[in-house]
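One structure is given here, and the rest of the page talks about it.
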Amino acid sequence: MRSSVLRRTCTAAVATALAVTGLAACNSEGESAADGKTRITVNCWPQPSAKIDHQRFDEDVKTFEKQNPDIDITAHDAFPCQDPKTFDAKLAGGQMEDVFYTYFTDTERVVSINQAADITEYVKDLKAYKDIAQPLRDAYTVDGKIYGVPRTNYSMGLLYSKALFTKAGLDPEKPPATWPEVQAAAKKIAGLGNGTVGFAEYSAQNQGGWHFTAHIYSQGGSVVSEDGKKATVDTPEGKAVLQNLKDMRWRDNSMGAKQLLIINDTLQMMGSGKLGMYLAAPDNVPRIVKEAGGKYEDLAFAPMPGGKGTLMGGDGYMFNKKATPEQIKAGLKWLEWTFLTPGQGYMNNYARAAEDKSPVGLPEPRLFTGATDAKDQELKKASANVPVENYQAFIDGGQQLDMKLEPKHGQQIYAVLDGAVSAVLTKKDADIDQLLKDAQSKIDGILTRG
């Protein structure tokens, strides 16, 4: 195994190549060494600044290589795992690692520009693949061919502060179940004064469009038609989304004066005890605690208001089109070892995570089904170290919702919808009908271009 110094040098070289020279990335380009080892590059190694995660990932690579002496892994550290500023450039230049991180929404685009290897004939060797939930497997399947392996998934719900609910005279054990109830609770929380915000929403960096999608799913609508050919935002459901936000912002004054928020803003607001509610996935909880000084016992989750649907998404790994069969097999073996085996590896070693004081027991949607899921849940429960009762409403209610994946061309669509969300939150006289009409036209253009 190569030293971490060499790994980081390679990562720096990639960045320099992208910015200046366009040189090929530091991948193994299908070559096996004279010593018979298969060498692969993978990304999404946590940065050195994330000391524990970085150390554990490194330990796992060493352990895996010891157990598989014919495989040599070179990991590239990165935060975030996919940077929109460099992802497209690396794709276009054929500079991706042999095994590279993607969101579910990236699949069709990566395949359409011929930058992904078809791994259909190889996944049969993954023991846990058949137990991965079918909608998640489908996220990496195009025209019947498999191009990737899911790593994690999530669904959206209502994250709220039990402390502020109590302080505002609300019952923290009975969170809002409808959008009118969210409005009423937000108004009471904002009434506490001293800069307290009842409900916050993103409206910049594509995050506003992402959350618009979650909102419209909760109303029973969608952003694109079922066949993916037409936009469906200029609808009663789309209007309900923007009207709800506009009412809370301007009529109720429950969303605060500062807008154009992104996720880091809400994390800090919630951690400092100044925010009552916002839409989020469960992975926000540990970030609020670790990065913003929040407390696990103060943070609770409810299902998406409205009772109709919620957005689900996720991530995983695809393979460079230049990868050899040996590299694909080695990469899949690594993914199974560290991400798809209950009780083992970077994602699922719950006992180790609890030892590191990382949260175990958060209500993530289940990646697996069948026997693999049963084993995974058993191990997770045994090492749980967070107040799981705070998430029971989310778990119970989520089972009744229509779980809908993010739309194709998601990031492009979110960029359009950002404008609509930011407008109603920053302009008191924003014309909702015109905003939706414009967004509908622009999204239709995106879908037409394919």
Side-chain angles (χ1 to χ4, degrees), residues 4 7-8 42-64 75 77-81 101 151-155 157 159-164 172 263-275 278 280-302 314-315 335 337-368 373 375-395:
S4 54
R7 290 197 200 95
R8 286 194 285 276
V42 301
N43 62 3
C44 201
W45 184 20
Q47 285 183 315
S49 57
K51 293 182 180 180
I52 294 177
D53 291 343
H54 185 85
Q55 174 188 334
R56 293 308 195 187
F57 196 98
D58 193 33
E59 289 174 0
D60 287 343
V61 169
K62 291 176 180 176
T63 300
F64 174 82
D77 51 24
F79 181 81
C81 288
Y101 174 95
R151 184 190 77 152
T152 63
N153 64 312
Y154 72 89
S155 70
L159 177 57
Y160 67 98
S161 165
K162 295 184 73 173
L164 285 181
I263 186 170
N264 289 342
D265 297 309
T266 55
L267 296 176
Q268 294 300 322
M269 292 164 69
M270 187 65 82
S272 64
K274 294 296 184 181
L275 175 58
Y278 74 103
D283 64 351
N284 280 214
V285 173
R287 291 192 63 186
I288 292 168
V289 174
K290 292 179 180 180
E291 300 172 23
K295 298 179 181 179
Y296 284 112
E297 57 268 28
D298 285 344
L299 302 170
F301 249 99
D315 59 26
L335 295 179
W337 190 92
T338 195
F339 296 130
L340 301 178
T341 304
Q344 177 178 289
Y346 180 67
M347 298 296 296
N348 305 315
N349 191 334
Y350 304 121
R352 184 178 71 180
E355 178 186 326
D356 292 338
K357 302 191 183 310
S358 294
V360 178
L362 293 172
E364 295 97 344
R366 297 179 179 183
L367 183 71
F368 304 112
D373 174 68
K375 181 64 174 178
D376 188 59
Q377 294 302 311
E378 175 189 343
L379 294 172
K380 185 181 294 184
K381 184 177 180 180
S383 295
N385 59 2
V386 295
V388 294
E389 63 276 7
N390 284 9
Y391 322 128
Q392 197 60 48
F394 175 81
I395 294 170

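This chain uses plain numbering: 1 for the first residue, then up along the sequence. This one's a predicted model, so the numbers in the text were calculated from it and none came from an experiment. We use all heavy atoms of the structure for the numbers below, so side chains are in, but hydrogens, waters and symmetry mates are not.
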Ignoring hydrogens, what is the shortest heavy-atom contact between [X] and [Y]? Give both atom names and the distance.
X: Pro46; Y: Ala50; answer: CB-CB, 4.4 Å
X: Arg151; Y: Tyr101; answer: NH2-CE1, 3.8 Å
X: Pro363; Y: Phe394; answer: O-CE2, 3.3 Å
X: Pro342; Y: Leu379; answer: C-CD1, 3.6 Å
X: Lys162; Y: Glu297; answer: CD-O, 3.7 Å
X: Val388; Y: Ala384; answer: CG1-CB, 4.3 Å

Point to revise | Within 6.0 angstrom of Lys375 NZ, more than 12 heavy atoms from elsewhere | key: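 Incorrect, the count does not exceed 12.
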Whether [X] side chain and [Y] backbone form a donor-acceptor pair below 3.5 Å:
X: Asp315; Y: Thr152; answer: yes
X: Ser383; Y: Lys380; answer: no
X: Gln344; Y: Trp337; answer: yes
X: Asn390; Y: Leu299; answer: yes
X: Asn385; Y: Gly361; answer: no
X: Asp298; Y: Ala163; answer: no
X: Tyr350; Y: Glu378; answer: no

**Study point:** Option among Asp376, Asn348, Leu367 that satisfies the side chain to side chain contact (heavy atoms under 4.5 Å, CB included) test with Leu340
**Key:**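 Looking at Asp376, Asn348, Leu367, the match for Leu340 under the side chain to side chain contact (heavy atoms under 4.5 Å, CB included) is Leu367.
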Hey, what do you get for [atom1] ([X]) to [atom2] ([Y]), rounding to the nearest 0.5 Å?
X: Tyr296; Y: Tyr391; atom1: OH; atom2: OH; answer: 7.0 Å
X: Ile52; Y: Glu59; atom1: CD1; atom2: CD; answer: 10.5 Å
X: Tyr278; Y: Ile263; atom1: OH; atom2: CD1; answer: 6.0 Å
X: Leu362; Y: Phe301; atom1: CG; atom2: CZ; answer: 8.5 Å
X: Ile288; Y: Asn284; atom1: CD1; atom2: CG; answer: 5.5 Å
X: Phe368; Y: Thr341; atom1: CZ; atom2: OG1; answer: 7.0 Å

Check your understanding: Residues in side chain to side chain donor-acceptor pair (under 3.5 Å) with Asn264, at least two apart?
Key ->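 Asn264 satisfies side chain to side chain donor-acceptor pair (under 3.5 Å) with Arg287 once adjacent residues are dropped.
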**Study point:** Contact check, side chains of Phe57 and Cys44, non-hydrogen atoms, under 4.5 Å
**Key:**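 Not touching, per the 4.5 Å side-chain cut-off.
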Check your understanding: What is the ring orientation for Trp45 with His54, classed by angle as parallel under 30°, tilted 30 to 60°, or perpendicular over 60°?
Key ->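 Trp45 and His54: parallel rings.
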Exercise for review: Please report the C-alpha distance between Leu335 and Val42 in whole Å, then the side-chain angles of each, then the deciding distance to 0.1 Å, and finally whether the side chain to side chain contact (heavy atoms under 4.5 Å, CB included) criterion is met.
Suggested key: CA-CA 10 Å; Leu335 295 179; Val42 301; over 6 Å; no
Check your understanding: So, Asp58 and Lys62, do they make that salt bridge, N to O below 4.0 Å?
Key ->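 Salt bridge flag = yes for Lys62 with Asp58.
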